[in-house]
Protein chains: 2
Amino acid sequence: MWQLYQFPLCPFSRKVRLLMSEKGIAYDLIRENPWEQRDEFQNLNPALRTPVIHNPERQITIVDSRAICEYFEETVDKAPMINGTATNRAEIRRLIALFDENFFADVTHPLLEERMKKRLVYRQSPDSRILREAMRMANLHLDYIDYLIDHRPWLAGATMSLADLAAAAQISVADYLGGIDWSQHEQARGWYSVFKSRPSFRPLLSERMDVIHPPTHYADVNA
Amino acid sequence: MWQLYQFPLCPFSRKVRLLMSEKGIAYDLIRENPWEQRDEFQNLNPALRTPVIHNPERQITIVDSRAICEYFEETVDKAPMINGTATNRAEIRRLIALFDENFFADVTHPLLEERMKKRLVYRQSPDSRILREAMRMANLHLDYIDYLIDHRPWLAGATMSLADLAAAAQISVADYLGGIDWSQHEQARGWYSVFKSRPSFRPLLSERMDVIHPPTHYADVNA
């Protein structure tokens with residue numbers, strides 16, 4: 001059985017969990033707060049980042065969310081998520097990078113720093129200037145999703161792909177932390193509400209981080 | 001013919017150039033300073049990052065260095081660089097992420113900010129505290145390369161892979177900017193000197209960024 005080292009608001013772990021669930025791969029969750037820098041975790045991943053997946057019976061450890069997703073894509077045929085022609089696959093990977101890197105740096109990471117780590121680790125108040133800027137950037141990224149969904153059924157083309165899972169994973173964490181204003185984004189909201197009702201997504205939406213609570217619309221599939 | 005949008009000290013463009021040369025794929029270089037935010041470039045890549053490759057005859061544009069590398073790996077058989085079993089491939093991708101993300105954030109990015117952008121764009125002096133910290137982190141990353149090369153001929157295993165190209169690309173930019181002290185890293189230096197003499201690497205080492213000059217050992221294959 002796979003063990004997934006993660007914490008509930010890690011967007012990269014969420015992407016891996018969505019992929020594993022869509023593919024029907026069973027896993028146990030192991031709670032890991034990477035900022036605590038546990039020795040046992042550093043032995044698994046010198047870069048000290050979640051997610052890490054580990055299979056004790058088969059003695060396999062895989063580090064880095066994109067390496068993990070490519071691994072399951074290569075080894076599990078069910079529900080292909082990086083599919084189509086080489087050009088289609090490049091478009092899927094472009095969007096994965098856009099959400100894993102740009103959306104994370106612009107939106108998810110500052111929200112996690114200000115609303116999670118300052119509360120749990122540093123015992124400080126959030127910086128409202130940084131929060132405003134993260135929400136402004138979230139708005140620009142949602143504009144781009146609106147644009148994509150105006151032209152395609154799913155973010156990277158005709159079928160659901162890992163690009164949709166990567167985007168939904170980042171957005172769900174930003175939404176938990178109160179960083180998303182859905183009011184001007186009808187297309188993005190429609191696309192995201194389809195996700196919220198998927199069986200792969202429901203377990204994520206029901207989990208809570210200690211002491212940090214999401215807004216009321218967060219887990220509501222009709223919101 | 002492929003066109004590669006890049007600037008000489010972009011480590012991600014260097015990784016793509018190394019891969020294309022190893023695979024024997026011809027390309028033209030197009031100089032792009034992404035911080036100038038040219039409209040034509042933003043149309044190619046809304047994320048405004050290099051590298052982008054574009055093939056006007058075939059009307060293909062590919063964005064993001066990992067998407068580009070996976071694309072050429074899938075479409076060009078020569079010189080496979082993400083090869084072996086699924087577990088081997090995961091190890092290659094783990095190390096690509098380590099250098100693209102951690103080494104870049106810890107070393108290459110601060111060096112580029114302090115020694116390139118402050119000079120070319122902001123007209124400021126570099127912050128010596130940030131430079132010292134980047135060099136301290138470079139030292140830790142080189143320790144890890146020493147450790148890997150003690151156990152394996154190449155970073156990810158028995159054969160040269162995209163992990164080696166990704167690492168050499170980052171290190172070459174850091175070395176250009178004076179951020180690498182090779183004195184305590186015999187294994188890493190031996191591994192890197194093999195690269196410096198490869199035909200794919202020679203053109204990179206001969207290029208110069210305007211007004212910013214590398215240390216004398218930078219392009220010396222015997223250093």
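Order of the sequence lines fixes the chain letters, A, B, ..., with proteins taken first and strands second; residue numbering starts at 1 for each chain.
Across B/N45, B/I62, B/D64, the residue that shares the most heavy-atom pairs under 4.5 angstrom with chain A is B/D64.
With a 6.0 Å radius and a threshold of 12 heavy atoms from other residues, nucleotides or ligands, A/Q59 has its CD atom at or below the threshold. The 12-atom threshold is exceeded at CD of B/E133, counting heavy atoms of other residues, nucleotides or ligands nearer than 6.0 Å. A 6.0 Å sphere centred on CG of B/D77 holds no more than 12 heavy atoms belonging to other residues, nucleotides or ligands. Taking a 6.0 Å sphere around CZ of A/R31, one finds it holds more than 12 heavy atoms contributed by other residues, nucleotides or ligands. Few gaps surround CD on B/Q124; more than 12 heavy atoms of other groups in view lie less than 6.0 Å from it. Enclosure of atom CD in B/E74 by more than 12 non-hydrogen atoms of other residues, nucleotides or ligands within 6.0 angstrom is indicated.
A 4.5 Å side-chain heavy-atom check between B/I96 and A/R66 finds every atom pair outside the cut-off.
Residues B/E70 and A/R89 are not paired through a salt bridge, judged by the lack of any N-O separation under 4.0 Å between the basic side chain and the carboxylate. A salt bridge does not link B/R93 with A/E73: none of the charged nitrogens is closer than 4.0 Å to a carboxylate oxygen.
Rounding to the nearest 0.5 Å gives a distance of 12.5 Å between CD1 of A/I60 and CD of B/E91.
Contact between B/R94 and A/V63 at its shortest, heavy atoms only, is CD-CB, 3.5 Å. Of all the heavy atoms in A/P46 and B/Y144, the pair that sits closest is CG-OH, 3.7 Å. Residues A/A90 and B/A67 come closest through the heavy atom pair O-CB, 3.8 Å.
Contact of B/T75 with chain A is made through the side chain alone, with heavy-atom distances under 4.5 Å.
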